[in-house]
Each structure stands twice: as C-alpha cells, then as structure tokens.
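The figures that follow rest on heavy atoms only: side chains count, while hydrogens, waters and symmetry mates do not. Order of the sequence lines sets the chain letters (A, B, ...), proteins ahead of strands, with each chain counted from 1. Quick caveat, the model's predicted, so the values are computed rather than measured.
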2 protein chains.
Amino acid sequence: MSRIPKPTVRRLAIYYRCLERLEQQGEDSISSKALAQMVHIKDSQVRKDLSYFGSFGRRGIGYDIRRLLGEIQKILGIHKRWNVIIIGAGNIGQAIARFKQIEKHNFQIVGVFDTDHRKIGKQITPGLVISDMSSLEEFIRQNQAEIAVIATPAEAAQSVADRLEKSGIKGIICFAPITLNCNIPVEYVDITVFFKTLVHSVVSQNYNI
Amino acid sequence: MSRIPKPTVRRLAIYYRCLERLEQQGEDSISSKALAQMVHIKDSQVRKDLSYFGSFGRRGIGYDIRRLLGEIQKILGIHKRWNVIIIGAGNIGQAIARFKQIEKHNFQIVGVFDTDHRKIGKQITPGLVISDMSSLEEFIRQNQAEIAVIATPAEAAQSVADRLEKSGIKGIICFAPITLNCNIPVEYVDITVFFKTLVHSVVSQNYNI
DNA sequence: AATCTTTTGTGAAAAAGTGAACTAAGGGGG
DNA sequence: CCCCCTTAGTTCACTTTTTCACAAAAGATT
C-alpha cells in the first residue's frame with residue numbers, strides 16, 4: 001500500500017498542531033524553514049514529508065496555512081468525525097474520557113466501559129456514563145464506534161482486544177503495558193516507557209537537541 | 001557519547017515489562033526468540049539491542065530473567081529512585097499524579113503545582129497536595145526533584161520549562177502540544193498525535209502485522 | 001525585461017536501523 | 001566421547017529514513 005514512513009505521519013500530526021496555532025495567531029502562510037524551526041527539525045524534512053502527498057506550497061512564498069491544514073486533515077483522516085469508546089474506567093480511562101482536546105480534534109467519546117459494578121452508572125461527563133462490559137458489542141454496533149481505547153490492566157487487554165476486533169472496531173489505542181495480538185492497527189502508549197526512556201537520556205546525557 | 005539508537009532504548013523498556021511479567025509467572029530464563037515473539041519483532045533485533053551494552057545471555061540457554069532485569073535497570077537508569085514533580089493539575093496532571101504504575105517503577109511523585117488558586121491546597125492522593133507555582137523553585141531544591149512533567153496548556157509550557165531548567169530539573173515529560181526550546185532531555189507525549197496517527201493507519205490500511 | 005532573492009519540489013547521497021546468516025558456545029543423549 | 005540441537009553474539013547486506021544540493025518557480029527590484 002502507500003509507502004509512507006511512520007515518522008512522517010507522526011510529524012504531519014505535529015505540523016498540524018503548529019499550523020493550528022499559527023492560524024489562530026492570524027498568520028496566512030509559512031515557509032518550510034520556519035515550520036521546521038518550530039519543531040526543531042530540518043526544513044528539507046518538512047518538504048520531503050509533504051512531497052509524499054503532493055505539492056502544496058508555492059515556490060518563493062511558502063505554504064498557505066489554511067490549505068495545508070486541510071490537506072493534512074485529509075491525509076491523516078481527521079476531516080471526518082470518529083466515534084471512540086474507552087474500555088476501563090480507571091485513572092487513565094477517565095482522564096481520556098474527560099480530555100477536551102480529543103473532542104476538539106474530531107474524536108468523540110461515545111462510551112466508557114468497565115467491569116467494576118461499583119463504577120457502572122457513574123457519570124464521567126454530562127451525557128457520558130460508565131457502562132457494563134456485557135453491553136460492549138451491542139453498543140459498538142448501535143453507535144458505530146470505530147476507535148477504541150484500551151485502558152484496562154494488562155491481564156485483561158488481550159481478551160478485550162479480541163472482542164473489539166470481532167465487533168468491527170477499526171483501530172486501538174492501547175495504554176495497557178502489553179503487545180497485543182490483533183489484525184487491526186494499534187498505537188501503544190505506555191506512560192512508564194516515556195519515563196524510562198527519559199531517564200536513560202538523563203543518565204547518558206545523549207539527548208539530541 | 002554512547003551511540004545507542006533511540007528505538008533500542010524504547011525496546012529495552014518494553015523488554016523490561018515483559019521480563020517483569022515472566023518473573024512474576026515464575027519463569028527463570030527466556031530466549032531471544034521467545035522474547036521477540038512477545039513483542040512482535042525479530043529475535044536478531046533483541047540480541048542486537050542487548051549487545052550494545054554487553055553479553056548477558058548464555059549460548060544454548062537464553063537469558064536469565066533476574067539478571068537481565070537488573071542489567072536493563074542499570075542501562076535505563078531506573079535502579080535508583082527519581083523524584084518527580086508535576087506542573088499543571090488539570091485532567092492529565094492529576095491522572096499522572098494518581099497513576100500507581102509510575103510509583104511502582106521507582107518514580108516518586110513528590111509535588112504537584114498549579115496557578116489556579118481554587119485548586120491549591122486540594123489533596124490529590126494522601127500526602128500529595130496541589131501547591132502554588134510561586135513555590136516551585138524552592139520546592140525543587142528542597143525535595144531534590146530531578147524529573148518534571150509538564151501538563152499545562154501549550155501557552156504556559158515554554159515559560160514553565162525555562163523555570164524548570166533553571167532550577168536544575170534534569171529531564172521533562174511534556175504533555176503540552178508544543179516543541180520546547182531547552183537544553184535538557186524532553187520526552188513528548190501528545191495524546192492527540194496518537195489518535196491521529198492511528199486513524200491514518202486505519203484509513204490507509206497500512207498497518208504492519 | 002533582466003536580475004535578484006526567496007523558497008519549493010526532488011533525485012541522489014548519506015546515515016541510521018533492521019534482518020538474515022554465520023560462528024561460537026553450551027548442554028543432552030547415545 | 002561424539003553428535004546433535006539450541007541459542008547468543010556478531011558481521012554484513014539490505015531497507016528505511018534523513019539530509020544535501022540543485023533546478024524550477026515566483027515575486028520584487030531596478
């Protein structure tokens with residue numbers, strides 16, 4: 001399929017947030033050089049990343065910010081709204097459910113699930129109540145949920161992933177510290193891994209500016 | 001300094017969590033092949049990663065799990081306890097402050113700061129109360145905090161980072177959606193970026209099994 | 001209209017990272 | 001003791017990603 005480097009996709013999401021800020025500040029256009037400086041990379045990297053998808057700039061001028069925002073939206077697939085469910089209403093699950101930025105970026109949290117009967121029925125935000133896991137499959141179908149966040153303990157994660165995949169979920173964000181066996185895309189976010197890689201940089205001083 | 005690929009360091013942290021689980025299950029040793037299968041990579045990758053740091057296995061046998069846990073601890077720098085402060089007691093800041101896994105991995109949350117006077121004094125966990133930002137520098141010195149988590153809005157992040165760096169903080173985990181200008185190691189965790197890269201995989205179907 | 005400056009898009013080179021294959025150990029069984 | 005099977009450590013080839021360098025545009029200036 002498309003031969004796009006994974007780092008390129010991550011950077012597109014980062015360019016996107018820069019462009020949003022610039023637009024908000026009333027800027028109209030930006031050069032690859034200026035954008036590169038904002039994120040501490042080379043300008044040639046910015047141009048190469050964008051060139052995988054087309055020619056969005058004007059030579060001598062730079063990139064139109066509105067236009068580029070629209071193009072990156074289409075590339076990433078964030079021009080449409082995605083319905084998201086969260087499995088596990090612990091610390092992280094609830095934080096994600098309440099996290100306003102996610103909704104702003106076109107991801108709508110439509111459901112939160114847990115197995116703990118003391119939590120079920122509890123309201124997390126107006127209109128968002130913790131449901132029982134037994135209703136998971138039906139809920140996914142009825143609400144056309146496409147993305148799921150796994151915020152369960154590691155032991156539960158694989159069986160949850162199996163159920164999600166079977167129910168037609170198309171992608172998973174996994175906060176559980178485990179590598180899943182499944183055939184849909186997964187993004188892993190293990191917070192403790194960031195702490196550990198950070199202190200490695202600290203002790204070895206090999207941080208790259 | 002040491003020329004260790006960044007992906008290698010990340011994988012070490014992932015091997016570490018596998019080894020912890022294996023140890024808990026009573027296992028004594030594991031081969032590179034078995035470890036590789038757990039995290040869906042090639043066995044040669046596991047051996048290569050470890051070989052940057054020494055020879056920890058026995059040919060014909062595999063790796064002693066206890067031994068390897070200890071070696072990776074030393075490599076990553078997680079054999080000692082790190083004092084952590086959190087700047088920003090919003091959604092994410094509070095979730096991190098309450099996140100038990102971090103404490104289990106030798107990162108102790110010693111302080112939480114915010115500028116909102118309505119939040120100051122509020123107890124997050126037993127013994128952890130939200131402090132005013134004005135006491136930041138003094139607190140860092142008195143409590144020998146070395147790691148900071150920035151969980152503020154993007155607009156505040158850079159000036160916070162400046163204060164942290166000046167006060168002797170050695171590494172930053174940045175949840176704010178911005179690239180910081182500073183001369184200490186930073187790990188960026190922008191949750192919305194994970195959502196965006198995930199849906200790119202979903203729409204382009206370019207997930208790697 | 002010619003020239004200058006800026007900046008994009010891109011092919012080629014360099015660097016980084018991964019994977020296959022080989023060599024060297026280590027233990028078990030006949 | 002010899003053969004066989006397993007598996008770590010290492011080398012080298014290959015793949016991926018980044019960087020360089022330059023031609024092509026585009027507007028500004030004289």
*To the nearest angstrom, how far is A:R67 atom CZ from C:dT8 atom P?*
13 Å

*Counting just side-chain N and O atoms, does B:R11 come under 4.0 Å of either OP1 or OP2 of C:dT18?*
yes

*Separation of C:dT6 C1' from A:D43 CG (nearest whole Å)*: 12 Å

_Given C:dG11, D:dC12, C:dT23, identify the nucleotide with an atom nearest to the side chain of A:K48._
C:dG11

*Return the value, rounded to whole Å, for the distance between atom OH of B:Y15 and atom P of D:dA8.*
12 Å

*Between atom CZ in B:R59 and atom C1' in D:dC4, what is the gap in whole Å?*
18 Å

*Ignoring backbone atoms, test whether B:R58 places a side-chain nitrogen or oxygen under 4.0 Å from the OP1 or OP2 oxygen of C:dG27.*
yes

*asked:* Looking at A:S32, I'd like to know whether one of its side-chain N or O atoms comes within less than 4.0 Å of OP1 or OP2 on C:dT7.
replied: no

*For the side chain of A:T8, starting at C-beta, report the closest nucleotide among D:dT18, C:dA25, C:dT7.*
D:dT18

_Candidate nucleotides D:dA8, D:dC20, C:dT18, ranked by approach to the side chain of A:K42 - the nearest_ = D:dC20

*Should the pair B:E146-B:K80 be classified as a salt bridge under the 4.0 Å nitrogen-to-oxygen rule?*
yes

*Among B:I78, B:N106, B:I102, find the residue that satisfies the side chain to side chain contact (heavy atoms under 4.5 Å, CB included) test when tested with A:F195.*
B:I102

*Which nucleotide sits closest to the side chain of B:S55: D:dG27, D:dA8, D:dG9?*
D:dG9

*Atom CG of B:D49 and atom C1' of D:dG9: how far apart are they, to the nearest Å?*
13 Å

*asked:* Over all strands shown, is B:S44 touching base, sugar-phosphate only, or nothing at heavy-atom distances under 4.0 angstrom?
replied: base

*Assess whether atom CD of A:E138 is packed by more than 12 heavy atoms of other residues, nucleotides or ligands within 6.0 Å.*
no

*Looking at A:R10 and A:E187, does any basic side-chain N land under 4.0 Å from a carboxylate oxygen?*
no

*Between atom NZ in B:K33 and atom P in C:dG19, what is the gap in whole Å?*
16 Å

*For D:dG9, does OP1 or OP2 lie under 4.0 Å from any side-chain N or O of B:Y63?*
yes

*Take atom CZ of A:R3 and atom C1' of D:dT16, then tell me their distance rounded to the nearest Å.*
8 Å

_Return whichever of B:G54 or A:I61 has its heavy-atom-nearest nucleotide of DNA chain D closer to the 5' end._
B:G54

*Quick one: A:L68 CG to C:dT7 P, roughly how many Å, whole number?*
16 Å

*Among C:dG19, C:dT10, D:dT18, which nucleotide sits nearest the side chain of A:R47?*
C:dT10

*Among the nucleotides D:dT17, C:dT7, C:dG19, which one has an atom lying closest to any side-chain atom of B:Q45?*
C:dG19

*Near A:Q24 CD, under 6.0 Å, is it more than 12 heavy atoms from other residues, nucleotides or ligands?*
no

